[in-house]
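This one's a predicted model, so the numbers in the text were calculated from it and none came from an experiment. Residue numbers start from 1 in every chain, and the chains themselves are labelled A, B, ... in the order their sequence lines are given, proteins ahead of strands.
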2 protein chains.
Amino acid sequence: MSATIRIELNEKLFLRDPEQTELGRTIVKESIRLIDELGFEHFTFKKLAQHITSTEASVYRYFENKHKLLLYLVSWYWNWLDYRISYHTHHVTDASEKLRTFIRILVGSHGSEPLEANVDVLALARIVVLEASKAYLTKEVDTDNKAGLFQDYKNLCHKIALVVLEIDPAYPFPHALVSTLFEAARKHLFFAQHLPSLTEVRLENAGANTLKGFLNHLAFSSLTKEASSVGASL
Amino acid sequence: MSATIRIELNEKLFLRDPEQTELGRTIVKESIRLIDELGFEHFTFKKLAQHITSTEASVYRYFENKHKLLLYLVSWYWNWLDYRISYHTHHVTDASEKLRTFIRILVGSHGSEPLEANVDVLALARIVVLEASKAYLTKEVDTDNKAGLFQDYKNLCHKIALVVLEIDPAYPFPHALVSTLFEAARKHLFFAQHLPSLTEVRLENAGANTLKGFLNHLAFSSLTKEASSVGASL
DNA sequence: TTGTTTATGATAGTATTGCTATTATGTGTA
DNA sequence: TACACATAATAGCAATACTATCATAAACAA
C-alpha cells in the first residue's frame, strides 16, 4: 500500500482534472473543509475562492458548478470506500465474513489503514452523510446518470450485491438490500446526531444499539433461509 | 369520513395559515404542481407568484421561505399518510397484519379512500420521493427540530414502531426499522425510476420484485425469532 | 353610515448567487 | 526568444432571495 491512493474518477465530473495541479488539489481539499463547515446550500464558489485566495473564475475552470463538485467529492468517497473494502476483504474467503467486514467499514471505523494525506476524510465522510443524497435527488438525475456520474456508487453496490448472492443465492433483492444498507448507514448516523427519536442507534454506545449492530441485524435477518421464506409467503 | 380532511399542522411551519384563505389554498395547491414540475431547486416564489398571477410579496406573507413551504408540504403528506393508515388499520387487531397494511399504504396503493379535493396528492407523493430528504438534510436541522417541524414524521414513526414492538417485543430497533422502511420506500421508488441498477424493485411489475415485497421481506425477516437471534450473535 | 382593520397588489430596491467574458501577468516549454 | 498556458484581476449580467413602502379594495365593527 502506498502512502497516497491514486483515485481515478470519471472525466465528466470535472472540466480540468484537479489532481493534476496545485490549485486543483487546493480546491478539492478546501471545498471539503468549507462544505463541511457551511453545508452545501450555503457553500459558494465565491466563498471558496476567497478562502483559498484565488478567484471564482479559476474555480469554474475546474468544475462546471458546485453540483458537479459535490458529485466529484462523493464519487471520490465511494472509490475510497471501495479501496478500503478491497483492502480489508481480499484475504477473506467466507462471504458472510466479507459482508460483515463491509458493514464494519461502511459505518466508519477508520484508522486501520493509511489515510489519504491531501484530503480530510473525516470531513468528507460527514459531507457524504449530510449531502450525498442531494447528488442524485435532482431533476437532472437521468442526464447525470447517462453521463456515468453515479458509476462508482453503482459499481460498489454491485460488488457487495455479489457477496450477498454468495451468502444466499436465492435472495431476490441483493442490490436493493445493499443500497438500503448504504442509505441506512448514512441516515442513521444523521438521525443519531440530529433526530434521535427516529432511531435506536446511538453513536457514543460501544456495546448495544450500535449502527453496526442494526445493519448486521437487518442484513443477516434477510439472508437466512427462514427469513427468505417469510418474505416469499407475502 | 368527510369529503375533505382537516389536517392541523404546526403553526411554525407558516407565517399565515394557508388553509384560512383562498390565496393561501391556491399557494399550496399550485406550489405542489410547480415543485413537482420544476424540482425544488428550480422552484422559486417568483415563478409561483407569476403562475398564480399574484406577487412574490404575497407568497412571502404565508411562508417564510421555500424551505418552510417544503416542510409544510411534507408534514401535510405525513399527516395524510397517518390518516390513511388509521383508516385502514383501526379495525385490524393482528399486529403483523397492521404492519403489512402500513407497508401497503406506504408504497402508495392509492384510490381506496376519499382523495383530498384541494391537493394533487399524487404530485405531492412524487415531491415526497424526490424532495422530502432535503427537508431535514440541512445545517438548520437542529433549529427546525427544536421548533417541532418534524413532529408529524416522528409521531408517525413512533406509532408504527409500537406495532413492531407488538410483533416482537424483544426487537431492539423498532424506530430504526420503521424509519428505514420510510426512507427505503422513497429511495426504491426513486431508484426504480432513475437508477434501476441499485434495486431489483420494479414498478411495472405487479407480481415479483415489487416494492411491497421487498419492504415486507426486510421488515418481517427482522422480526422473526430466528432472525433476532442472528443479529444478537454478532 | 362611517371608520378601521386586514388582505392583497403594485412597485421598488438590495445583497447574494451563479455564471461568463476580457484582459493582464507570470511561468514553464520548444 | 517566442509561445503556450494557467491563473489572477476585474467587470458585468441575469436570476434569486428576500424586504420595504404605498395604494386599494373588501370585511367588519361602531
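Rounded to an integer number of Å, the gap from CD of Gln50(B) to P of dA17(D) is 13 Å. Atom CG in Asn65(B) sits about 9 Å away from atom P in dA17(D), given to the nearest Å. Between His42(A) atom NE2 and dG18(C) atom C1' there is a gap of 16 Å when expressed in whole angstrom units. Straight-line distance from the CG atom of Leu15(B) to the C1' atom of dC18(D): 13 Å, rounded to whole Å. Atoms CD (Glu22(A)) and P (dG28(C)) sit 13 Å apart, rounded to a whole Å. For the pair His67(B) NE2 and dT16(D) C1', the computed distance is 17 Å after rounding to whole Å. dA6(D) atom P lies 14 Å from atom CZ of Phe14(A), rounded to whole Å. Atom CG of Leu69(B) and atom P of dA17(D) are 12 Å apart (whole Å).
Considering only side-chain N and O atoms, Tyr62(B) lies nowhere under 4.0 angstrom from the phosphate OP1 or OP2 of dA7(C). For dT8(C), neither phosphate oxygen OP1 nor OP2 lies less than 4.0 angstrom from any side-chain nitrogen or oxygen of Ser58(B). Lys66(B) has a side-chain polar atom (N or O) that falls below the 4.0 Å cut-off from OP1 or OP2 of dA17(D). A close approach under 4.0 Å does not occur between any side-chain nitrogen or oxygen of Thr44(A) and OP1 or OP2 of dC19(C).
Ion pairing between a basic and an acidic side chain is recognised when a charged N comes within 4.0 Å of a carboxylate O; Lys159(A) and Asp82(A) show such pairing.
Contact annotation for Tyr60(B): base contact, defined as any heavy-atom pair under 4.0 Å involving a base atom. Counting any heavy atom pair closer than 4.0 Å across all strands shown, Phe63(B) reaches no nucleic acid atom. Within 4.0 Å (heavy atoms only), Arg16(A) reaches sugar-phosphate atoms of the nucleic acid but no base atom.
Of the candidate nucleotides dG18(C), dT16(D), dG9(C), dT16(D) has the atom lying nearest to any side-chain atom of Lys47(B). Set against dA21(C), dT16(D), dA7(C), the side chain of Ala57(A) has dA21(C) as its closest nucleotide. Here the side chain of Thr55(B) is nearest to one of dA8(D), dT11(C), dT16(D), namely dT11(C). Here the nucleotide nearest the side chain of Ser54(B), chosen from dT7(D), dG9(C), dA7(C), is dG9(C).
Between Lys134(B) and Ser133(A), the side chains place no donor N or O within less than 3.5 Å of an acceptor N or O (distance only, hydrogens not considered). Side chain to side chain, Tyr62(B) and Thr21(B) meet the donor-acceptor criterion of an N or O pair below 3.5 Å. Neither side chain, Thr101(A) nor His88(A), offers a donor N or O lying under 3.5 Å from an acceptor on the other.
If you find the closest nucleotide of DNA chain C to Phe43(A) and to Thr53(B), the one lying nearer the 5' end belongs to Thr53(B). Between Glu56(B) and Gly24(B), the one whose closest nucleotide on DNA chain C sits nearer the 5' end is Gly24(B).
A cation-pi arrangement is not found for Lys66(A) relative to Phe43(A), the charged atom failing to lie both closer than 6.0 Å to the ring centre and inside a 45° cone about the ring normal.
Side-chain contact between Ser31(A) and Phe45(A) is absent, with no heavy atoms from C-beta onward closer than 4.5 Å.
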